[in-house]
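Predicted model only: the values in this text are computed from it and were never measured. Index from 1, following the sequence.
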Amino acid sequence: MISQVFILSSKGDHLIHKDFRGQAGNDIVSTFYEKVTALTGDQPPVVMNHKDLYFVHIRQGGLYWVATTTVGSSPFAIIEFLNRLAALVKDYCGSLSEKSVQMNFALIYELLDEIVDYGYIQTTSSDVLKNFIQTEAVTSRPFSLFDLSNVGLFGAETQQSKVAPSSAATRPIQSSREQGGKSEIFVDVIERMTVVIGSNGVLMKADVEGEIRVKCYMPSCSEMRIGLNEEFSIGKSQLRGYGAAVRVDECSFHQAVRLDEFDSHRILRLCPSQGEQTVMQYQLSDDLPSALPFRLFPTIERDNGGRLLMYMKLRCDLPPKSAAINVCATIPVPKGSVSLSQELSSPDQSAELKPQSRAVVWQIARFAGGTQLSALFKLEVPSLSSASMLEVGPVGLSFELPKITATGLQIRFLRLSPVQPGPSQRWVRYVTHSDSYTIRI
């Protein structure tokens with residue numbers, strides 16, 4: 001049973017506050033923010049208490065999603081409710097951010113009225129809610145005087161027009177009253193890498209966690225069939241097919257997925273509801289089928305002037321036609337570092353010293369596969385000693401690899417039945433993120 005639900009910004013601003021049972025005063029929101037900001041560490045506890053009231057919260061989209069409850073309620077059920085509430089807000093508002101919540105506060109209050117009745121959860125199904133929600137979502141897009149990105153010479157279409165725009169899957173779902181909306185389905189294969197490389201260059205750990213997400217903008221879709229690699233295998237079972245093996249250690253599916261064709265043809269069948277849902281999750285440990293995307297070759301020494309010299313050579317081992325974007329290397333440096341001078345091998349790089357976090361942050365906007373970049377960092381460190389030089393590292397890499405999966409998982413086909421009337425589009429996108437990519441020096 002839930003007493004209150006409220007949404008706060010990262011600065012503690014009250015965005016949404018709904019009291020279902022009147023068991024606490026209006027100052028309970030400020031009490032929560034004081035308690036959560038007073039904690040030490042980056043990960044505060046999910047459940048906290050104040051007198052006879054318990055706070056259960058999650059963080060998504062840079063916001064605090066909080067529910068209060070009394071003794072006798074399951075914290076796991078409330079955490080699941082908050083995650084589902086955040087997913088519904090994302091489906092109906094298009095994105096999760098402070099601005100989208102402020103612009104759609106009336107819609108969110110209407111959602112809460114339908115989801116929770118006097119503290120008891122009624123439903124979190126978007127298929128059920130779309131018949132009752134009347135408020136239209138308010139969306140915003142950056143102002144653009146001219147939008148000529150898809151227009152070529154003399155008005156001809158460019159190849160860019162065949163690519164789904166980045167904001168295409170971040171719009172609100174259609175209500176049951178809307179007609180003539182654009183019918184689209186997005187299937188995203190998202191993987192996150194956890195890698196540890198020793199100081200001698202030997203791979204110590206390599207894990208991949210992946211998921212297949214479906215976001216549906218179809219007003220009605222009876223069934224969707226997703227075909228995976230025919231060579232896809234789970235565990236140490238016998239390899240399938242004649243192509244390159246695609247193997248994972250563990251795999252789980254959404255309860256709505258029917259698997260009667262999975263064992264024989266590697267086909268997932270489901271009836272997607274409007275909004276976003278994760279249809280499959282999988283994991284692979286210590287047996288990546290391809291080479292690691294990055295290798296670092298560091299040299300750490302002290303010059304005659306007493307400065308700390310860090311020569312970093314970073315190599316991208318992706319295929320030549322691929323590229324990594326938003327690459328960022330965080331290099332911990334000795335305490336007391338006061339200034340930084342740098343020599344970068346290309347103009348599209350940047351670096352800065354952040355004294356508060358005691359690290360040099362090296363950023364590369366785009367890193368082409370099969371290339372190598374280098375940087376020389378010269379640090380002024382008062383009373384630099386051999387002991388303080390040991391404080392350098394380990395290096396943490398963050399990056400994004402579009403159109404690439406570390407496991408090799410691919411979508412063979414995406415079919416809808418029956419055939420949808422009118423024009424409909426289907427998009428399949430691949431991306432690999434760095435969850436934790438650590439290189440010891």
Indicate yes or no: does [X] engage [Y] in a salt bridge with an N to O separation below 4.0 Å.
| X | Y | result |
| --- | --- | --- |
| Glu223 | Arg415 | no |
| Glu231 | Arg247 | no |
| Arg213 | Asp188 | no |
| Asp317 | Arg295 | no |

Using modelled atom types and a 3.5 Å cut-off, is there a donor and acceptor pairing between side-chain atoms of [X] and backbone atoms of [Y]?
| X | Y | result |
| --- | --- | --- |
| Glu400 | Ala324 | no |
| Arg266 | Phe232 | yes |
| Thr432 | Ile404 | yes |
| Asp249 | Gly235 | no |
| Tyr109 | His17 | yes |
| Thr69 | Ser73 | no |
| Glu276 | Val214 | no |
| Tyr430 | Glu191 | no |
| Thr70 | Leu53 | no |

Which pairs, with at least one residue in residues 80-89 and sequence neighbours excluded, count as a side-chain hydrogen bond (donor to acceptor under 3.5 Å, both in side chains)?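 Output for this query lists Gln60-Asn83.
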Does anything in residues 347-360 pair up under side-chain hydrogen bond (donor to acceptor under 3.5 Å, both in side chains), and if so which pairs, sequence neighbours excluded?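 For residues 347-360: Ser345-Gln349, Ser346-Asp348, Ser346-Gln349, Gln349-Trp362, Arg358-Glu391.
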Which residues pass the side-chain contact (heavy atoms from CB on, under 4.5 Å) test with [X], not counting sequence neighbours?
| X | result |
| --- | --- |
| Thr123 | Ser125, Val128, Leu129 |
| Asp286 | Lys205, Asp207 |
| Asp117 | Gln122 |
| Gln277 | His254, Leu270, Pro272, Ser273, Val279 |

[X] [atom1]: over 12 foreign heavy atoms closer than 6.0 Å:
| X | atom1 | answer |
| --- | --- | --- |
| Phe105 | CZ | no |
| Tyr33 | OH | yes |
| Phe76 | CZ | no |

Rounded to the nearest 0.5 Å, how far apart are [atom1] of [X] and [atom2] of [Y]?
| X | Y | atom1 | atom2 | answer |
| --- | --- | --- | --- | --- |
| His265 | Asp260 | NE2 | CG | 11.0 Å |
| Thr135 | Asn104 | OG1 | CG | 9.0 Å |
| Ile108 | Ile16 | CD1 | CD1 | 4.5 Å |
| Met280 | Ser252 | CE | OG | 8.5 Å |

Begin with the C-alpha distance, continue with both residues' side-chain angles, and end with the deciding distance and a verdict on side-chain contact (heavy atoms from CB on, under 4.5 Å) for Ile197 and Val195. CA-CA 7 Å; Ile197 301 176; Val195 172; 3.8 Å; yes
Does NZ or CZ of Arg21 fall inside the cone over Tyr118's six-membered ring, less than 6.0 Å from its centre and within 45° of the axis?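 The answer is yes, since Arg21 meets both limits relative to Tyr118.
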Chi angles and distances behind the side-chain contact (heavy atoms from CB on, under 4.5 Å) call for Asp91, Val89: CA-CA 5 Å; Asp91 286 342; Val89 172; over 6 Å; no
Member of Leu82, Ile78, Val66, Leu63 meeting the side-chain contact (heavy atoms from CB on, under 4.5 Å) criterion with Ile58: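 With Ile58 as partner, Leu82, Ile78, Val66, Leu63 yield a single side-chain contact (heavy atoms from CB on, under 4.5 Å), made by Leu82.
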Looking only at heavy atoms, what is the nearest atom pair of [X] and [Y], with distance?
| X | Y | value |
| --- | --- | --- |
| Phe399 | Ser434 | N-OG, 2.9 Å |
| Ala329 | Leu397 | CB-CD2, 3.5 Å |
| Pro394 | Pro332 | O-CD, 3.0 Å |
| Tyr282 | Glu211 | CE2-N, 3.7 Å |
| Leu284 | Pro289 | CD2-CD, 4.1 Å |
| Tyr437 | Pro293 | OH-CD, 3.8 Å |

Do the ring planes of Phe55 and Phe6 sit parallel (below 30°), tilted (30 to 60°) or perpendicular (above 60°)?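 Perpendicular: the ring planes of Phe55 and Phe6 meet at over 60°.
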Is the ring pair Tyr64/His57 parallel, tilted or perpendicular, if the boundaries are 30 and 60 degrees?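 If you compare the ring of Tyr64 with that of His57, the planes turn out tilted.
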Might you work through the salt bridge (charged side-chain N to carboxylate O under 4.0 Å, His left out) test for Lys215 and Glu184, ending with a clear yes or no? CA-CA 9 Å; Lys215 190 157 190 179; Glu184 292 181 307; over 6 Å; no
Ring center gap for Phe294 and Phe367 short of 6.0 angstrom: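 Centroid distance Phe294-Phe367: below 6.0 Å, so yes.
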Between Tyr54 and Thr68, is a side-chain contact (heavy atoms from CB on, under 4.5 Å) present by the stated rule, with each step listed? CA-CA 5 Å; Tyr54 288 86; Thr68 62; over 6 Å; no
Ignoring hydrogens and geometry beyond distance, is a side-chain donor-acceptor pair present between Asn229 and Gln410 at under 3.5 Å?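 No, Gln410 and Asn229 have no side-chain donor paired with an acceptor closer than 3.5 Å.
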Does the side-chain contact (heavy atoms from CB on, under 4.5 Å) test come out yes or no for Leu268 and Phe253, once each step is laid out? CA-CA 9 Å; Leu268 306 178; Phe253 304 92; 3.6 Å; yes
